[in-house]
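Below you will find the structure I want to go over with you.
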Amino acid sequence: MMPGLADSTVCSLRQTSLDALTRGYDDTVRFYLNGTKIELSTIDPEITLLEYLRGIGLTGTKLGCAEGGCGACTVVVSQMNPTTGKLYHASVNACLAPLVSIDGKHVITVEGIGNTKKPHPAQQRIAMASGSQCGFCTPGIVMSLYALLRNDPEPSEIEIEEAFDGNLCRCTGYRPILDAAQSFNPKRTCGKSIANGGSGCCMDMREMNGTANGTAHGEASGEFNSTDEVQKRFQPPAFIHYDKGTELIFPPALKKHQFNALALGNERKRWYRPVTLQQLLEIKHVLPSAKIIGGSTETQIEIKFKAMQYTASVYVGDIAELRQYAFHDDFLEIGGNVALTDVEIICDEAVKHYGPARAQPFVAVRKAIRYFAGRQIRNVGTPAGNLATASPISDLNPVFVATESVMIAKSLKRTTEIPMGSFFKSYRVTALPEDAVIASIRIPVSREKGEYVRTYKQSKRKDDDIAIVNACLHIAIDDGGKVEGADLVYGGMAPITVQAFNAMEFLKGKPFAAQITLEGAINALAKDFDLRFGVPGGMATYRKSLALGFFYRFYYDVLSRLDATTKIEKGLIAEIQRDISTGRKDHDASLAYAQKVLGKANPHVAALKQCTGEAQYTDDIPKQMNELCGRLVISTKAHAKLVSVDPSPALALPGVVAWVDRHDVVNKKANRWGAPVCDEVFFAEEEVFTAGQPIGMILANSPQEAEAGARVVTVKYQELPAIFTIEEAIAHQSFFEHYRYIKNGDAESAFARADHVFEGIARMGGQEHFFLETNACLAIPKPEDGEMEIWSSTQNPTETQAYVAQVTGVQANKIVSKVKRLGGGFGGKETRSIQLAAICATAANKTKRPVRCMLNRDEDIMTSGQRHPFLGKWKVAVTKEGRLQALDADVFNNGGWSQDLSAAVVDRALSHIDGCYHIPNVYVRGRVCKTNTVSNTAFRGFGGPQGMFIVEQMMEEVADHLGIAVKKLREINLYQPEQETHFKQSLQDWHVPLMWKQVVAESDYERRREAVDRFNHEHKWQKKGLALIPTKFGISFTALWLNQAGALVHIYHDGSVLVAHGGTEMGQGLHTKVSMIVAEALQVPLEAVYISETATNTVANTSSTAASASSDLNGYAAFNACEQLNARLKPYREKLGPEATMKDLAHAAYFDRVNLSANGFYKTPEIGYIWGPNPADPSLENTGKMFFYFTQGVCAAEVIIDTLTGDWSPVRTDIKMDVGRSINPAIDYGQIEGAYVQGQGLFTTEESLWMRSTGQIFTRGPGAYKIPGFRDIPQTFNVSLLKDVEWKNLRTIQRSRGVGEPPLFMGSSVFFAIRDALKAAREQWGDTSVLSLRSPATPERIRISCSDPLLKKAEVEPRDGEKSFFISI
């Protein structure tokens, strides 16, 4: 018999035996959903809890990443915990949870706890506190808070701060969410307040009686700490009292629920849910290959992203025997399937039980779990899962190996004790017998004296992040001070969890306290971890430095315990710890100009809907009749010829309906697109130019069937040479045609007579948009005349309309493009969303059926482009006092494979390369590099931050060359009012110098500068840094024709007002601001104004919602419409008197046949700049007004860094922004905080990497790409708006300034504070060379910039021809 046939026969026989074994098992999943009993006797075994919930219409729970990393899908699963015997409400990632896991439990979704008419206090307080912007992440955040409150109605500050470690938000900057959450902590609020169930705080009474100013109770500064925010920002009746007695009860029937063994599924997949260990062992005996599932935190990712198929899966989460623990004399035994959340509690108990010395291993376990993923993962993840998956970067496995723990493996026939030191055999291969399960793990206690256990971890982000390197270091020392033995165990240094045998052997018998022992151990470790430069995972020098640094820290920690008289710097032993974060805002800033509606801090008009899950996004639209689901087939090669594309294997699969490609577009020309240059195709033709380029789309009856079909489409390639980086493009002269410059003065002469001329290179990476809602589209063909309705998550409905008309072969008037709201945009949905919309429209046009597609996170990142990486080569002339005289620069961005908006992005970089500094002579040139990466696109700031980064990096290096303080260099070169920029625009209403002085004073900068310098003098291994950064951002589209907008305003009989305008709502509060403008203009309450959606059949020819100009443009257009209506209503106001309501006015006007609809329009006046080169008339170069005005700001930031590891934390940030007369301060503060944190991510944690071996992007989801989390924001976060000034020349709507993009660059203040700290670190070791620090300042870049001797030992040099594992483009 052939081997393959034999294997198949064996599998078939085993499956038959398993069927016989489980014949008596139940086949029905029983649970409660939002208080209602549910029984499912037939389920699709391959869908997750999230897919089930959304499939039955509970769309409040969102899909953000499908890997448990963003928290958008968070629900609460309540059950009687078999480990503790208590009721526990677990926040859970629904995207990972298999349906079988909820049997016998109560599932609670965001819809189940409240709605807009009766919201839960968690929902209402987040909404009122401006804690929801785009709102896509909000339901998950609400449910994390809800879980916390259900388990502890009065949580502590630290519990609240850490409750969201499994949630991400891209909009808010997290501060208002934390403020809202802290309102549930009685210690942070007055116990007598109405919000806390009291009769009323004295402050409440003052507000209700009108004796306070409504925000800050008459404080002179108008500012307050966030601890007072709840009481002082809102009148307390606005905050609903939280009464735990009104919560959904745990269904009594579930307390009596009988857990029966389950067996269910179909021919493709079967699920088994044993409820006893015996049943589990019987299953494993019959079918050893059955996949054991505990938390499904790894398995579901394998299924979703690696196409792994497990035909038989066994869920073990309800086997009580595996969820027990016991304290023994010499060890703690923990069941293999105890949830990690419970392990945390058990470890705390163990410390009390054994005492601090003997419980050191459990302190190490507790610490490892603390930073292991988010709470949602820890609620379902288990020790057995960690061990069985054998990840080389597992946080727990090094602890188990170093503490000489023993695993208890059980099979039907035997029990085996496996020492953890011999458990890991090779990558993802263990010593666990095939038919065995991990029953428990025995962790030995330490001895009372002479034994030390510590664990360490370094990752890209502190919370909810996988390790770069981790370690558990364990040493035993005798009474004479000699080493008896050591276990030095590391993760992230090899394909498995590995012991440092050379160092362990060296240490034996050595006098621990001798310096030669430390040096010898470090040298031995360097041999243990002799990484090569191109090691998989990259970062060879950094990883090796971490291995050495962890031991170095451990050595001195132990030494301090052995000899208390030894003076050891605290920063050498202690890792950086965060305080509870706080902040303040000046809520009095708008009092001087506030009107009835305008100038008031109203919450986002959709905030409450977003908090209750009622807000509808594109993929929430109910399923259409005959709807098909689309799945893209994208290129896997960076540059290749398409030899063949064969969809036939997919078309043979059940449920697959059609294949769509370039042949289905109405004609070849219609396949081409791109703005402003048409150099791209919707579907690849003969050649692909980047990994991620769409080739075609599979259409099927369900998303799962479409996904299966897309995987089996056969594409054959002939690979071609590829270019990835800016440096490679320059070397190959690979540029797009676009070339522009700005030339002002005579730079060449200035260089000739300058005291000093310095040169340098500024280099910064790109940034992934990481909007929580990926690109989504629903195309609905109509039965007549080729009409089609397109629902798209786009910032650009009009361009969507135009290209859908093009690919379907009809006029634009047959296409209606609609947007309800976006779950974040940031520029990433300005042009790149059009690609998906056109593909879906082509598919719908071909099949004459509705087509829906929502990209998964991988697809979105691979296809939708990023912020442009930049390289700036600069040369600057300065006087000996530091005054700038001339700047010459060549600026390059990485455009990717097509031009998209790259030309405009590099142009804006050129216009912002002056920063806030007067440079009399400037000659700057910009080029767009053509590479084989994803086509980069618009991103908040649109080249402005990159241009300003170049000049600020220059300022830092010039100051170092001159030996003067960079603060002084910036001060003496700041623009003054009325001075002209390098593009000859006079600076009107210029307040940066004023704000600079205010921030210096309000942040106590000078005293803190002295304190930072003193700290750095006293500390060797921790350093602080301080930076003060100004910003100016030009507001207007640089493409003149885009600076226009239209609006349509209807007044109805009942006095209500419906507004339509050309902008899209993506969380920035545009609809809120426009509604406020209309309410004020028409003199109606804000509640009377409604904006339903953005659609091309109500407002035509719209500009994209971008450039921070949307409130200016659309707000003025709406105001223009209101002026027309007011003119028509004027006679009726005079006739009916001032008390007449809009209902009265509208009624009277209607019967007089007066038009109660008005079409408003606005175009930005005065602007129109002429770039160089301008061959038609060179004399016109560098003339005309480029921007209507500039939004300005100043920011001070302080950081602390750990020079042993590169770890860092933002200590404090103070921001002051000039936003003119704020239309809505709450919205503006939210934009400032959100943009700042996004900017902080750009310049620190967010690093995009490509794999050299495949040319594909590596950083595709939250597991690899790290946006800032809740615990990454400044520990003190103060924001204020400029007030008490006049804006004489500002002629915008309400004299407000655009605020969406300008604050982002202030996040660079953290980067430059890190650089400041690094200067101190380097100088300490005698390195006074000028540091050219590349952005982002990741922990890796921080560590390898420190110049200490330990780093020198860790340096890894490339061998001949060796290249790095990753590419940074």
Side-chain angles (χ1 to χ4, degrees), residues 616-619 621-622 624-628 630 658 660 662 664-676 678 680-683 694 697 699 775-822 825 829-854 1041-1042 1044-1048 1060-1065 1092-1106 1159:
Q616 190 179 76
Y617 299 81
T618 300
D619 198 48
I621 296 171
Q624 309 293 301
M625 185 179 294
N626 295 323
E627 180 181 291
L628 293 173
V660 181
R662 62 191 175 100
D664 298 301
V665 181
V666 291
N667 57 60
K668 187 173 182 179
K669 185 178 179 182
N671 192 38
R672 304 195 69 81
W673 73 289
C678 194
E680 198 166 346
V681 289
F682 290 116
F683 297 101
M697 176 179 271
L699 300 178
N775 277 282
C777 180
L778 173 60
I780 307 171
K782 303 295 183 180
E784 297 181 21
D785 303 319
E787 286 185 281
M788 189 175 290
E789 185 176 273
I790 298 288
W791 289 93
S792 175
S793 55
T794 182
Q795 296 171 238
N796 202 342
T798 290
E799 200 163 319
T800 300
Q801 175 195 34
Y803 278 111
V804 167
Q806 174 180 299
V807 298
T808 58
V810 300
Q811 293 177 310
N813 61 5
K814 307 296 193 306
I815 307 298
V816 179
S817 174
K818 292 187 174 184
V819 181
K820 186 71 174 179
R821 61 175 56 81
L822 281 66
K829 296 175 181 176
E830 183 175 349
T831 57
R832 305 314 298 172
S833 59
I834 293 164
Q835 177 175 260
L836 180 63
I839 291 173
C840 287
T842 302
N845 191 50
K846 175 179 180 174
T847 61
K848 307 305 178 187
R849 295 171 64 176
V851 172
R852 180 192 303 259
C853 181
M854 183 177 185
W1041 64 89
L1042 294 176
Q1044 59 175 303
L1048 184 61
H1061 62 85
T1064 61
E1065 177 58 56
S1092 174
E1093 62 194 22
T1094 306
T1096 55
N1097 61 346
T1098 53
V1099 178
N1101 306 318
T1102 62
S1103 298
S1104 59
T1105 305
N1159 185 7

Taking Thr1094 as the fixed residue, which of Thr1105, Val1099, Thr1064, Leu822 is the one that meets the side chain to side chain contact (heavy atoms under 4.5 Å, CB included) rule?
-> Thr1064
Could you tell me whether Asn1101 atom CG has more than 12 heavy atoms of other residues or ligands within 6.0 Å of it?
->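 Open.
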Cys840 vs Met697 side-chain heavy atoms within contact, under 4.5 Å |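 Touching, per the 4.5 Å side-chain cut-off.
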Check Pro797 against Ser817 and note the closest heavy-atom contact, atom names and distance.
-> O-OG, 3.1 Å
Heavy-atom closest pair, residues Gln806 and Ala670 = NE2-O, 2.8 Å
What do the steps show when you test Ile839 against Val660 for side chain to side chain contact (heavy atoms under 4.5 Å, CB included), and what is the final call?
-> CA-CA 8 Å; Ile839 291 173; Val660 181; 5.7 Å; no
Applying side chain to side chain contact (heavy atoms under 4.5 Å, CB included) between Asn775 and each of Leu836, Thr794, Thr618, report the one that passes.
->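 In the set Leu836, Thr794, Thr618, the residue that makes a side chain to side chain contact (heavy atoms under 4.5 Å, CB included) with Asn775 is Leu836.
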Name of the residue among Lys829, Glu830, Gln795 meeting side chain to side chain donor-acceptor pair (under 3.5 Å) with Ser1104 |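 Of Lys829, Glu830, Gln795, side chain to side chain donor-acceptor pair (under 3.5 Å) with Ser1104 is met by Glu830 alone.
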Which residue pairs pass the salt bridge (charged side-chain N to carboxylate O under 4.0 Å, His left out) test when at least one of the two sits in residues 1092-1104, sequence neighbours left out?
->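 Sorted pair list: Lys818-Glu1093.
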Arg849 side chain vs Leu628 backbone, donor-acceptor pair below 3.5 Å |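 Pair absent, no side-chain N/O of Arg849 close to backbone of Leu628.
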Under the ring pair (Phe, Tyr, Trp, His ring centres under 6.0 Å) test, residues paired with Phe682 that sit two or more places apart |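 Phe682 satisfies ring pair (Phe, Tyr, Trp, His ring centres under 6.0 Å) with Trp673, Tyr803 once adjacent residues are dropped.
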Taking every heavy atom of Ala841 against every heavy atom of Val804, the minimum-distance pair comes out as CB-CG1, 3.6 Å
With sequence neighbours excluded, tell me which residues meet salt bridge (Lys or Arg N to Asp or Glu O under 4.0 Å) with Arg821.
-> none
Would you give the length of the straight line joining atom CG of Leu699 to atom CD of Glu627, rounded to the nearest 0.5 angstrom?
->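 So the gap between those two atoms works out to 11.0 Å.
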Do you know which two heavy atoms are closest between Thr1098 and Leu1048, and how far apart they sit?
->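 That would be O-CD2, 3.9 Å.
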Validation row: Val810, Ile815 side chains within 4.5 angstrom (heavy atoms) = yes
Is there a side-chain contact between Asn845 and Val807, using heavy atoms and a 4.5 Å cut-off?
-> no
Provide the closest heavy-atom pair for Arg852 versus Leu778 in the form atom of the first, atom of the second, distance.
-> CB-CD1, 3.8 Å
Output every pair passing salt bridge (charged side-chain N to carboxylate O under 4.0 Å, His left out) with a member in residues 839-848, not counting sequence neighbours, ordered by first then second residue.
-> Asp664-Lys846
Give the minimum heavy-atom separation between Ala675 and Glu799, together with the two atoms involved.
-> CB-OE2, 3.3 Å
Do Thr1102 and Thr798 get their side chains close enough for a donor-acceptor pair, meaning under 3.5 Å?
-> yes
Set of residues satisfying salt bridge (Lys or Arg N to Asp or Glu O under 4.0 Å) with respect to Glu680, sequence neighbours excluded |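 For Glu680 the salt bridge (Lys or Arg N to Asp or Glu O under 4.0 Å) partners, ignoring immediate neighbours, are Arg832.
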Review item, side-chain donor-acceptor pairs of residues 780-791, under 3.5 Å, at least two apart:
from	atom 1	to	atom 2	distance (Å)
Glu789	OE2	Trp791	NE1	2.9

